[in-house]
Each structure stands twice: as structure tokens, then as C-alpha cells.
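In what follows, every chain begins at residue 1, and chains take the letters A, B, ... in the order their sequences are listed. All figures in this text were calculated on a predicted structure; none of them were measured in a lab.
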Amino acid sequence: MSATPAEVYTSMGLRESEYHEIVRMLRREPTKTELGMFAVMWSEHCGYKYSRPVLAAFKKYKEAMEGAGLENAGVVDIGDGLGVTMKVESHNHPSAVEPYQGAATGVGGIIRDILTMGARPIACLNSLRFGPINAGADESTVIERNRYLCEHVVAGIAGYGNCVGVPTVAGEVSFHKSYSGNPLVNAMCVGILPLDEVTTAAASGAGNPVLYLGSATGRDGIHGATFASDTLSEDSNANRPNVQIGDPFAEKLLIEATLEALQTGAVVAIQDMGAAGLTCSTIEMAAKGNVGMDVDLDLVPMREADMSGYELLLSESQERMLAVAEKGREEEVLSVFRKWGLKAVVIGHVVDEPVVTVRRHGEVIASVDPRFLADQCPVYTMEAEVPHYHVRAGQFDPSSLPPVSLSIALTTLLASPELSSKRWVYQQYDQQVQTQTSVVAGAADAAVLSPRGTKKGLSAKIDGNSRYTYLHPRRGGRLAVAEAARNVACTGALPVAATDGLNFGSPEQPHVFWQFREAVYGIAEAAEILQTPVISGNVSFYNETARGEVFPTPLVGILGVMDDASARLTMAPTEGAGKVLLVQIPGLHIEHEGLGASSYLALMHDREEGYPVDPDLQGEARLCRFLNEAAKSRLITAAHDVSEGGILFAAAESAITGNIGLSISLEGGKSEAATWFAEVPGQVLVFVPDSSAALQDGSDLASLAQSYELAITETGAYDQSNLLRVESKFGSASWPVEDLRQLYLNSLESALKMG
Amino acid sequence: MKVAVLRFPGSNCDQDALHALRDSLGVQADYVWHEEPSLAGFDAVFVPGGFSYGDYLRCGAMASQAKVMDGVRELAAKGAPVLGVCNGFQILCEADLLPGALMQNEGQKFICAPVRLEAVNRTSAWTSAVDRVIEIPIAHGEGRYVVDEATLAELKANNQIAFRYLDNPNGSVDSIAGVLNREGNVLGMMPHPERAAFDRLGLTDGLAILKGFQVLVASR
């Protein structure tokens with residue numbers, strides 16, 4: 001065979017050095033099909049070739065946890081014989097060119113990732129980022145496109161998630177100019193399963209049949225993984241055929257059929273066909289089991305009969321699974337899938353020798369050691385460089401800020417698309433199907449689930465602040481974990497595990513690689529101290545357009561557990577009257593008056609400068625335990641953390657959500673802005689009814705706070721007055737809560753609709 | 001007594017319905033696959049929500065032609081309780097067991113939110129035990145109830161309007177959220193009573209409606 005022309009492998013996304021490596025491994029020229037398989041398996045999307053050295057930061061902790069038996073293959077033991085698994089996946093590039101299908105298939109993909117563990121998917125979350133949608137924030141064509149993407153991404157998530165019958169329980173949406181043209185669409189799924197029913201993806205048992213299950217294969221999504229590993233350009237619309245088309249109805253059938261088939265006990269191993277489709281599933285299952293497979297593609301159910309072997313192997317058609325069954329018992333599995341109206345056929349069998357052999361029309365079109373593709377992807381350590389903007393940002397001086405009236409600032413923040421209620425979004429999601437959702441979106445800092453079959457409650461949240469991460473990636477990573485954990489703790493749950501979605505520009509740019517490395521180290525440090533091992537994750541690079549890369553956006557999903565789901569907390573009481581107390585971590589070093597990288601600074605002064613306050617991670621861990629304990633002992637009835645927009649914004653959110661009156665009185669710091677809008681990590685407002693004994697000196701609540709070395713101060717009161725009142729040494733102000741509510745609830749929809 | 005909870009491909013509230021009946025009401029309930037030709041042995045039917053047959057063609061249209069619907073028609077004709085919720089309501093309308101049809105929401109978007117309902121009919125087995133105003137969640141994209149004027153007049157005259165929305169979320173004619181057949185044993189509604197039937201979720205207004213199964217079977 002003659003040498004492959006360079007344009008063949010470069011068009012697939014392979015480097016010249018990688019091509020030579022393939023020839024060296026195979027000791028011959030690869031076939032075109034094999035080259036395609038290497039290209040997808042060695043893409044960043046599948047092979048993590050740029051991120052793997054940095055992600056090792058998580059591995060160490062994971063191993064330690066595994067050694068202690070606390071964590072197994074991404075499944076968290078929550079007691080009662082139950083395990084919980086979760087993962088985040090990005091679908092940024094497909095969503096940029098085809099927002100409805102891109103987002104929909106992102107949801108479908110992450111649900112199958114959970115299903116493939118043998119778990120029933122019980123909740124979806126998502127984290128979305130778009131360019132600005134406010135009129136005048138950019139050229140009108142850009143704004144229009146951003147609105148279009150936002151509207152259709154949300155519709156795609158709703159269209160898929162609602163039909164498939166998995167509730168979408170929480171999430172976050174934000175806007176920033178760096179996302180114009182490259183939105184971020186990260187979907188997260190949580191699943192639950194009996195611990196003794198965890199499945200494996202490792203194929204085994206020579207002669208065992210290989211089963212193809214689910215929808216037929218078509219020409220959609222060919223080379224999707226490669227597309228995900230490249231920068232978006234003007235030509236990206238030509239990549240629309242690379243975008244997969246989702247069918248949530250088929251996925252719903254696939255969920256029920258898979259869980260039912262697993263109960264037969266005849267399934268040896270199973271994996272979903274996600275990125276790189278049949279290639280990835282056959283190769284990974286064989287590599288994990290250290291075996292080979294003989295597969296005949298002629299047997300694959302096809303939507304179009306004339307598909308080539310290359311297309312069949314690289315198609316990313318959705319709603320498909322690959323399984324290995326016990327020889328002689330395959331019919332038990334196949335019949336379940338057929339009952340559910342799905343395709344189910346034997347397409348090959350397992351062989352001892354670790355070689356995956358693929359035939360089409362009777363000819364061998366690929367014959368490779370699966371470990372070459374799965375385990376020997378070249379790894380690159382990129383150059384990292386501290387960018388000038390980071391150094392400059394540290395010179396921020398908050399005393400130079402012109403004063404802004406408290407009312408203007410509060411109403412501007414409440415009405416901003418970034419901070420306003422996301423009700424327009426989450427009302428489109430079915431949050432309650434499966435009847436296990438006990439706290440819905442918008443009512444608390446995180447969602448709470450009360451799964452059947454256990455008294456325990458689960459809490460989940462996904463969070464990340466890209467402005468923090470842009471200005472100080474290390475702190476951004478640490479803060480993402482701390483904030484998501486605190487959110488979960490504010491529902492009364494103890495954070496127990498983390499997953500992450502890491503969205504960055506091209507790692508081949510030294511400053512981007514630095515952002516990535518620092519953010520990952522930050523997440524790893526925080527996950528270790530907060531005792532939330534990172535059990536899974538996803539990396540998405542090349543989030544760039546001609547205008548530049550997106551703000552570095554590491555997203556952290558946290559799972560929390562509470563012993564009794566009925567002890568859950570929301571972010572505000574809805575009746576009666578009582579006290580508001582501020583819990584905080586003493587001795588925190590606060591730079592830039594807490595206004596560095598803040599929403600106040602960005603939205604009121606159009607400045608993205610300064611550093612976010614570095615969290616005290618030990619203190620955050622104590623704070624989480626305190627909240628879990630206080631909720632369990634019923635010492636508090638609601639809790640809400642202070643985050644974007646500072647303490648005034650947090651108070652307004654609680655007043656609006658609980659439909660209560662609220663007064664907050666603070667002594668006041670260096671400036672009025674710093675008093676009310678500083679973003680100081682580790683601050684939580686907690687609510688205690690007047691009828692409670694928990695308030696008196698030496699009471700349970702105060703002594704509990706003391707035992708966790710936390711400061712707790714009475715800082716206000718709530719009642720039925722329907723007024724938000726604040727006072728400090730800089731003066732006082734008050735607003736009708738109803739006025740604030742209208743702004744908060746309706747601004748996002750207005751911004752999307754404005755011409 | 002035993003309630004059949006129908007399962008079509010794409011049903012997704014079947015498990016919720018089963019558990020609400022079994023766990024919260026202590027009523028016997030079992031799944032029945034859409035291909036079952038008979039409902040022998042069952043006293044009542046719960047047609048659950050979801051996206052039967054992926055909502056292809058038209059919501060509920062394909063399910064209304066499923067084999068199991070013969071059994072449903074038979075039981076309904078005998079006066080047995082039949083409850084259709086959300087997609088189940090759409091199916092019962094398509095099967096002509098209830099008047100009217102469900103169209104896309106006025107705002108063209110799916111809405112998931114708690115809504116307040118007024119129990120209009122105060123005498124049927126499904127509604128007599130219900131408070132006048134209750135709160136139950138909705139979750140639908142195609143829940144706008146439509147009916148011609150003559151039929152609407154009949155519905156009113158025969159006291160067949162079971163529930164009205166207090167704040168019409170989807171543009172339904174006359175704010176109708178649920179209707180009864182003329183005999184009062186078949187109820188279809190867009191809000192999900194089975195989602196408001198668990199103490200652990202803090203919502204229980206749906207229980208009084210589900211008790212209609214017991215009341216109707218006991219009275220026969």
C-alpha cells in the first residue's frame with residue numbers, strides 16, 4: 001500500500017507526527033477506515049490529548065478515595081444499598097450551528113452515559129452561556145443571533161428532556177460577549193442504581209455475541225468528535241451535516257428496554273454509542289476487557305442501505321447502545337428491545353486476541369489492536385503563559401469607582417439577563433416527572449430530589465463563574481467548587497461528590513492553556529478539601545470564533561446527600577416572621593473590598609477587573625457541615641448564599657422568592673457599594689422563625705456555629721410587610737418587594753423579545 | 001379493586017401514576033401494555049401522561065388506536081372509572097371518550113408550573129371530595145382545550161366541566177382544565193394529580209381526585 005497523502009489525514013484532524021505514529025504501531029499503512037477511526041479516537045474530544053496531563057490532578061485524589069472504598073467507578077455510595085452517578089457533557093459546537101438539535105442531543109448523550117452504568121436517570125441539569133441579548137450590547141445581527149441561539153437551545157433541551165421523562169431540575173444561564181457565536185451548552189445527568197447492579201463496559205468471554213441495540217444508523221454526525229475538537233469559523237455552517245439528530249421517543253424506549261434487559265442477567269457488558277459511534281464503543285469495550293471483536297457491518301441496521309463501512313463506523317446517529325451478552329442467552333436481551341420497538345441484532349462476537357476486525361461486504365476494512373486507539377493516544381503538554389491582562393487586573397483600585405445610587409444598582413442587577421430570574425427558561429422544562437422532585441428550580445440554591453425507596457434526599461447543582469475564572473483562573477476553579485457545594489449545603493445536604501465540565505478556548509494558545517491548568521488545579525484543590533471527589537468530567541476546547549476565545553468556563557456539578565429529605569431547606573421562608581442571621585467564615589482575606597471581578601463592577605461600571613476573593617476552603621467545608629447539621633436539627637428553616645450581586649441581591653432574591661418582607665441592617669464597610677455588593681465567599685443568610693428557641697444566647701444555633709468556627713450575627717428580620725429594607729452607616733432605603741419581583745421575573749423574557 | 005395503568009411506548013408518567021395509587025392511596029394497580037387486547041380483571045383505568053408514540057402524527061392520535069383501548073372503551077361504557085391525565089387526556093379525546101381536543105399552548109411553549117384550579121363540578125365521584133380551589137402542577141406543550149360552542153354549552157348544561165384554571169396558562173376555551181363525560185365516570189385533565197399525591201414532595205391536593213377511583217368502584 002502506498003503512503004497516504006497528507007491532505008487525507010489532515011482533513012480528518014490528524015497531525016503528520018500522529019500519522020507516522022499510526023504507521024509505526026500498525027507496521028503498515030492504515031486503511032482509510034482505520035485512519036478515520038484513529039482520527040476520532042485521538043481527537044481531544046475522545047482522547048483528551050491536551051488535557052490528560054493536567055487532569056491527573058484529579059486522579060490522585062480519586063485513587064485515594066478508591067483505596068478507602070468510598071468511591072467506585074464514578075458511583076457514590078449514598079447508603080441503603082444505593083449508588084448515585086452523575087456526569088456533565090458539553091455540546092457547544094453542534095449547538096452553535098444547529099441549536100435545537102445540538103442541545104437536544106447533548107441531553108440525550110449524557111442520559112445514555114448514565115444509563116450505560118445501569119442507573120436510572122433521575123434528573124438533568126444544565127449550564128448555558130450565550131452572547132449578550134440586550135439591545136445595543138453589540139451589533140444588532142449579533143444580538144439577534146444570540147437570542148435565536150438562546151431560544152432554540154432552551155427549546156431543544158425542553159423538547160428532548162420533557163419527552164424522555166427525566167426531570168430537568170436545576171441549572172444556570174448567563175450571558176457575556178465572549179460567547180457570541182460560540183454558546184456553551186453543558187448538560188448534566190444524575191442517575192441512581194442498586195450498588196450491586198453496576199454494569200461494566202469491559203467486553204469479555206470469547207464467543208460471546210456483540211449486540212447492536214436501539215435506532216438504525218444513518219449518515220448524521222459523521223466525524224462529530226473531530227468537529228468538536230476544532231475552532232468554529234465562518235465555514236462552520238457547512239458542518240451542519242456533522243450535527244446529530246435526536247429522537248427522544250427512541251431514547252425513552254432505550255432507557256426502559258436497557259433497564260429491563262439488564263434485569264435478565266444476560267448482559268455481560270454495555271456501553272452507549274456516543275461520540276465516534278460504533279468505533280468508540282467497539283474499541284473501548286474491547287480495550288477495557290483486553291480482548292478483541294469480530295464485527296460484520298453488513299448486519300448493522302441502516303437507514304440508508306448504501307452506507308460505506310467508513311460511514312457506519314463514524315456515524316454518530318443517536319439512541320444506540322452496544323452490548324456483549326452471555327453466549328446462548330442473547331435472545332433474552334434481544335427480545336426485550338424488540339418488545340419496546342427497537343432494533344436489536346447480533347453484529348459480531350468477542351475474540352480472545354486483542355484485535356478488532358471489521359468487515360463490510362465481506363472484506364476486512366479495519367483490523368487493529370483496540371489498545372492503540374483507546375490507550376495510546378499521543379499526549380501533549382502545552383506551553384502555558386501568564387497573560388498580561390491577569391497581571392493588570394490585580395492593580396484594580398475600588399476607591400476610584402464613582403458612586404451609584406443603591407436603588408439604581410439593585411434594579412439594574414435584578415433586571416440584567418445575567419442575574420435576573422431564569423423562570424422563562426425553567427418553566428419550559430418538566431421539573432417533576434418521576435415525582436421525586438421535592439424542591440423545584442428557583443425555590444432554593446440547588447434542586448432537591450426525594451428518590452423512591454429511601455428516606456434520603458439528594459441535592460444537585462451546577463455552577464461556574466467565568467468572570468472570576470478569566471481574571472483569576474486558580475481562584476475561579478476553587479470558587480466554582482466552593483459555590484456549588486455551598487449551594488447544595490444551603491438545601492441542608494452534605495456535598496459528597498463533584499463532576500466538571502471544562503470549557504476553554506484552544507489549548508494550543510499558551511494563555512488559554514494556562515487558564516485551563518490553573519482552573520483545574522483550583523478545582524482539584526477545592527474538591528480535595530471539601531471532600532467531594534471529582535468522579536467524572538468533560539473537556540471542551542476550541543471554543544473560539546474569529547472574535548477570540550470564550551471566557552474560561554469551568555463548570556462544577558455537586559451532589560449532596562441528606563439523611564432525611566423532609567429536612568430540606570429552600571432559600572426563603574414563605575410565611576410568618578422571624579430573624580435573619582448572617583453566617584460567615586471569620587478571618588477571610590478580602591482584597592479589592594470584595595468588588596474585584598464582581599457583577600456590580602461589570603454591570604454598573606462596565607469593568608472586568610480585580611480578582612475574586614479567594615475562598616477559605618477549610619472554612620467552606622465547615623460551613624457545609626454546619627448547614628447540614630442545622631437543617632437536620634431543624635434549627636433553621638431557610639438558607640441562601642451570598643454570591644453574584646452581593647448581600648443585597650441575595651436578600652432581594654429571598655424576599656421575592658418567599659414573597660415576604662425583609663430588613664437587613666449592616667454596619668457598613670469601606671463604601672456603600674462594598675457593603676451591599678461585595679462578593680465574599682462563605683457568606684450565607686439563614687432564617688429562623690420567631691417561635692424558635694434557636695436564637696437565644698448560648699442557643700443551639702449559636703453554639704453549633706461556634707463549634708464549626710463560624711461567625712454568626714443577627715442581621716435582620718423577615719415578616720409579611722412586603723418591603724425590602726436596608727440600612728447601614730451610609731444610609732437606608734426600601735423597596736416594595738412586588739416591584740422588585742416584576743423586574744426579577746420578567747426581564748429575561750423582555751430582553752429576548754425586544755426588537 | 002384493581003386499577004390498570006396503561007403503558008404506551010413513550011408514556012412517562014406511568015410509574016408516577018402507579019406509585020401514587022399504590023403508595024399514597026393503598027390501591028392495587030398494575031401496568032398494562034398497549035398491546036393487551038383485554039382489561040379483564042381490572043375495575044378502573046389510569047391513562048397516564050407522557051409522549052405516547054413520540055407525539056407523532058398528533059398527540060394521543062396513535063395511542064387512541066392501540067389494542068388496549070378496546071378494553072378501555074368497554075370498561076368506560078360499563079361505568080367504570082377512567083382517568084386520563086395530560087397525554088392521557090389527549091388520548092381520551094382522540095378516542096372520543098371525551099369531547100373536545102387539546103391544541104398547542106397559546107404561548108407556543110411548554111409550561112411546567114403549579115397552577116390553581118377551581119373545582120367546577122361539585123358532585124361527581126372525582127370532584128365531590130375536592131376543595132373548591134386546589135393547586136396542582138401542569139407540564140405540557142399542547143394543553144389548550146378547544147371545543148365548539150354547541151358542545152361547550154352542553155358541557156355547561158350537563159355539569160361536565162370538572163376544573164377551570166384560575167389563571168388560564170395556555171389559552172384553553174373557557175379556562176377549562178378538565179372535563180367529564182356525560183355519565184361522570186370518565187375524567188380527563190391536563191394538570192397532574194399524581195404529582196400532587198406525595199407528602200414527601202409537599203403537594204397533596206391531587207389525592208382527593210385520585211380517591212375518585214375508590215368512590216366510583218365502591219358505588220358500582
Side-chain angles (χ1 to χ4, degrees), chain A residues 120 151 154-155 157-169 247-257 339-342 423-443 448-457 564-566 568 570 574 749, chain B residues 7-24 31 33-35 48-56 59 62 85-87 105 107-115 136-142 169-170 191-204 206:
Chain A
R120 176 171 285 278
E151 185 140 355
V154 170
I157 292 171
Y160 203 100
N162 297 349
C163 180
V164 82
V166 180
T168 301
V169 297
D247 178 358
F249 172 55
E251 179 107 334
K252 171 65 179 163
L253 304 178
L254 195 68
I255 292 173
E256 299 305 331
K339 180 187 106 181
W340 284 95
L342 295 167
R423 182 178 69 164
W424 179 86
V425 173
Y426 62 70
Q427 274 205 346
Q428 296 183 53
Y429 303 148
D430 189 337
Q431 303 160 48
Q432 290 156 313
V433 63
Q434 298 192 18
T435 51
Q436 301 183 115
T437 311
S438 68
V439 175
V440 294
V448 179
L449 297 162
S450 169
R452 271 190 267 283
T454 175
K455 208 179 154 197
K456 291 203 157 86
D564 182 351
S566 71
R568 66 188 185 266
T570 53
T574 53
E749 187 171 0
Chain B
R7 284 192 120 175
F8 300 96
S11 296
N12 66 23
C13 303
D14 44 344
Q15 303 176 34
D16 304 351
L18 188 90
H19 284 283
L21 292 172
R22 281 189 189 167
D23 306 349
S24 299
Y31 296 127
W33 190 238
H34 65 107
E35 287 171 322
F51 290 72
S52 58
Y53 301 93
D55 273 358
Y56 290 119
C59 302
M62 290 175 68
V85 170
C86 201
N87 186 224
N105 294 346
Q108 293 177 35
K109 298 228 181 293
F110 190 97
I111 309 170
C112 174
V115 295
I136 294 198
I138 54 165
H140 58 245
E142 280 151 331
N170 53 25
H192 287 266
E194 82 283 5
R195 294 187 182 189
F198 298 96
D199 280 331
R200 64 190 167 82
L201 305 184
L203 293 169
T204 50

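- To the nearest 0.5 angstrom, A:Glu256 atom CD is 9.0 Å from B:Asn12 atom CG.
- The line from SG of B:Cys86 to CG of A:Asp430 is 8.0 Å long, rounded to the nearest 0.5 Å.
- Note: B:Gly10 leads B:Gly49, B:Gly10, B:Ala20 in heavy-atom pairs under 4.5 Å with chain A.
- For A:Asp564, the CG atom counts as densely surrounded, since its 6.0 Å shell holds more than 12 non-hydrogen atoms of other residues, nucleotides or ligands.
- Residues B:Asp23 and A:Arg452 form a side-chain contact, since some pair of their non-hydrogen atoms from C-beta on lies under 4.5 Å apart.
- Residues A:Glu151 and B:Lys109 form a side-chain contact, since some pair of their non-hydrogen atoms from C-beta on lies under 4.5 Å apart.
- Considering all non-hydrogen atoms of both residues, B:Glu194 and A:Thr435 come closest at O-CG2, 3.6 Å.
- Looking only at heavy-atom pairs under 4.5 Å with chain A, the residue among B:Gln15, B:Arg195, B:His192, B:His140 that has the most is B:Arg195.
- Taking 4.0 Å as the cut-off between side-chain N and carboxylate O, B:Glu35 and A:Lys339 do not count as a salt-bridged pair.
- Chain B forms more heavy-atom pairs under 4.5 Å with one residue of A:Arg423, A:Gln428, A:Lys252 than with any other, namely A:Gln428.
- From B:Arg200, atom CZ reaches atom OG1 of A:Thr454 across 10.5 Å, with rounding to the nearest 0.5 Å.
- Considering only heavy atoms from C-beta on, B:Leu201 stays 4.5 Å or farther from A:Gln432 through its side chain.
- Taking the six-membered ring for Trp and thresholds of 30 and 60 degrees, B:Tyr53 and A:Phe249 have ring planes inclined between 30 and 60 degrees apart.
- Counting heavy-atom pairs under 4.5 Å between each of A:Cys163, A:Gly159, A:Ser438 and chain B puts A:Cys163 at the top.
- Closest approach of B:Phe51 to A:Asn162, counting heavy atoms only: CE1-O, 3.3 Å.
- Heavy-atom distances place no part of A:Ser566 under 4.5 Å from chain B, backbone and side chain included.
- For A:Arg568, the part lying under 4.5 angstrom from a heavy atom of chain B is the side chain only.
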Practice prompt. Give the C-alpha distance, both sets of side-chain angles, the deciding distance and a yes or no for side-chain contact (heavy atoms from CB on, under 4.5 Å) between A:Gln434 and B:His19.
Written response: CA-CA 10 Å; A:Gln434 298 192 18; B:His19 284 283; over 6 Å; no
